[in-house]
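One structure is given below, encoded as structure tokens.
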Amino acid sequence: MGRAFYSRRTEVVARELLGKTLVRRLGGEALGGRIVETEAYFGSGDPASRAHRGLKRYNRAMFGEPGRLFIYNVHRYWMLNIVAHRDGVGAVLVRALEPTLGVEAMRRNRPTGRLRDLTRGPGRLSQALAVDKSLDGVDVTRGESPVVVLDSPPMGPVARSPRVGVTRDLPEPYRFYVEGNPWVSG
DNA sequence: AGGAAGATCTACT
DNA sequence: GTAGATCTTCCTA
């Protein structure tokens with residue numbers, strides 16, 4: 001997907017990323033899968049957002065060019081976001097994948113019994129794809145990047161709900177997911 | 001230098 | 001279904 005795809009309202013991009021294929025290039029292999037769950041986060045008006053209290057060193061990617069990764073830590077995990085906004089500030093948290101590529105390599109990164117637990121949830125997904133802060137700012141619209149997003153056919157009915165785990169949410173629901181998909185968290 | 005928060009996960013019961 | 005671990009970053013002193 002190109003720059004124009006991400007240069008739209010954050011919630012539109014969050015909705016349209018469902019079904020797309022997220023690919024992580026690692027050691028000559030391609031790992032990843034179909035995006036089945038996302039959330040939209042905004043700028044100063046969003047109390048749950050990392051951008052809420054203004055520009056810091058660690059969140060500068062979120063204020064920048066759409067189509068770049070914004071990686072940030074919570075507890076001991078890394079959250080993978082793609083910067084997406086038209087006016088203001090925003091990013092889309094990728095919360096879950098249905099694994100389709102490099103399953104063996106992902107299991108090496110994140111040993112787990114159940115395939116279902118491989119990429120269900122933002123922390124698990126980042127472990128399986130070996131995502132950490134070093135990928136902050138990577139441009140996913142460039143073909144040679146270590147993370148890219150490929151267009152893919154739609155997957156099924158989309159539902160929305162309040163965002164997961166946030167202490168202070170917005171009145172509108174900003175979580176989007178593919179209804180009934182086993183890799184959706186929660 | 002130390003404390004607190006946080007968009008989580010695991011391992012119990 | 002709930003308690004506790006764990007780590008990066010920020011804030012205050």
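Side chains are part of it too, since the values below use all heavy atoms of this structure and drop only hydrogens, waters and symmetry mates. Each chain gets a letter, A, B and so on, in the order the sequences are listed, and its residues count up from 1.
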Length of the line joining A:Tyr77:OH and B:dA5:P, which is rounded to integer Å
21 Å
When you measure from the side chain of A:Trp78, which nucleotide among C:dA5, C:dT8, B:dC9 comes out closest?
C:dT8
Please round to the nearest 0.5 Å and tell me the distance separating atom OG1 of A:Thr119 and atom CG of A:Asn109.
12.0 Å
May I have the distance from A:Met79 (atom CE) to B:dG6 (atom C1'), rounded to whole angstrom?
10 Å
Between P on B:dC9 and CH2 on A:Trp183, what's the gap in Å once rounded to a whole number?
16 Å
I need the CG-P distance between A:Leu80 and B:dT8, as an integer number of Å.
14 Å
If we ignore hydrogens and angles and just use 3.5 Å, is the side chain of A:Arg124 paired with the main-chain N or O of A:Arg120 as donor and acceptor?
yes
When rounded to the nearest 0.5 angstrom, what distance separates CG in A:Leu80 from OH in A:Tyr72?
13.0 Å
With rounding to the nearest 0.5 Å, note down the distance linking CG in A:Leu129 to CG in A:Leu22.
6.0 Å
Can you tabulate the close N/O pairs, meaning under 3.5 Å, that link protein atoms to atoms of nucleotides 10-13 of chain C?
| unit_1 | atom_1 | unit_2 | atom_2 | d |
| --- | --- | --- | --- | --- |
| C:dC11 | OP1 | A:Lys56 | NZ | 3.3 |

Side-chain H-bond candidate by donor/acceptor type, A:Glu39 with A:Tyr41, under 3.5 Å:
yes
Rounded to the nearest Å, what distance is computed from the CD atom of residue A:Gln127 to the C1' atom of nucleotide C:dA5?
13 Å
Nucleotide B:dA11, atom C1' - distance to CG of A:Asp117 in whole Å
13 Å
Output the single nucleotide from B:dT8, C:dT9, C:dT8 whose closest atom is nearest the side chain of A:Lys133.
C:dT9
May I ask you to check if A:Arg68 and A:Phe70 form a cation-pi contact, with NZ or CZ under 6.0 angstrom from the six-membered ring centre and within 45° of the axis?
no
Watson-Crick/G-U partner (both atom distances under 3.5 Å) of C:dT6:
none
Of the nucleotides C:dT6, B:dC9, B:dG6, which one has an atom closest to the side chain of A:Arg76?
C:dT6
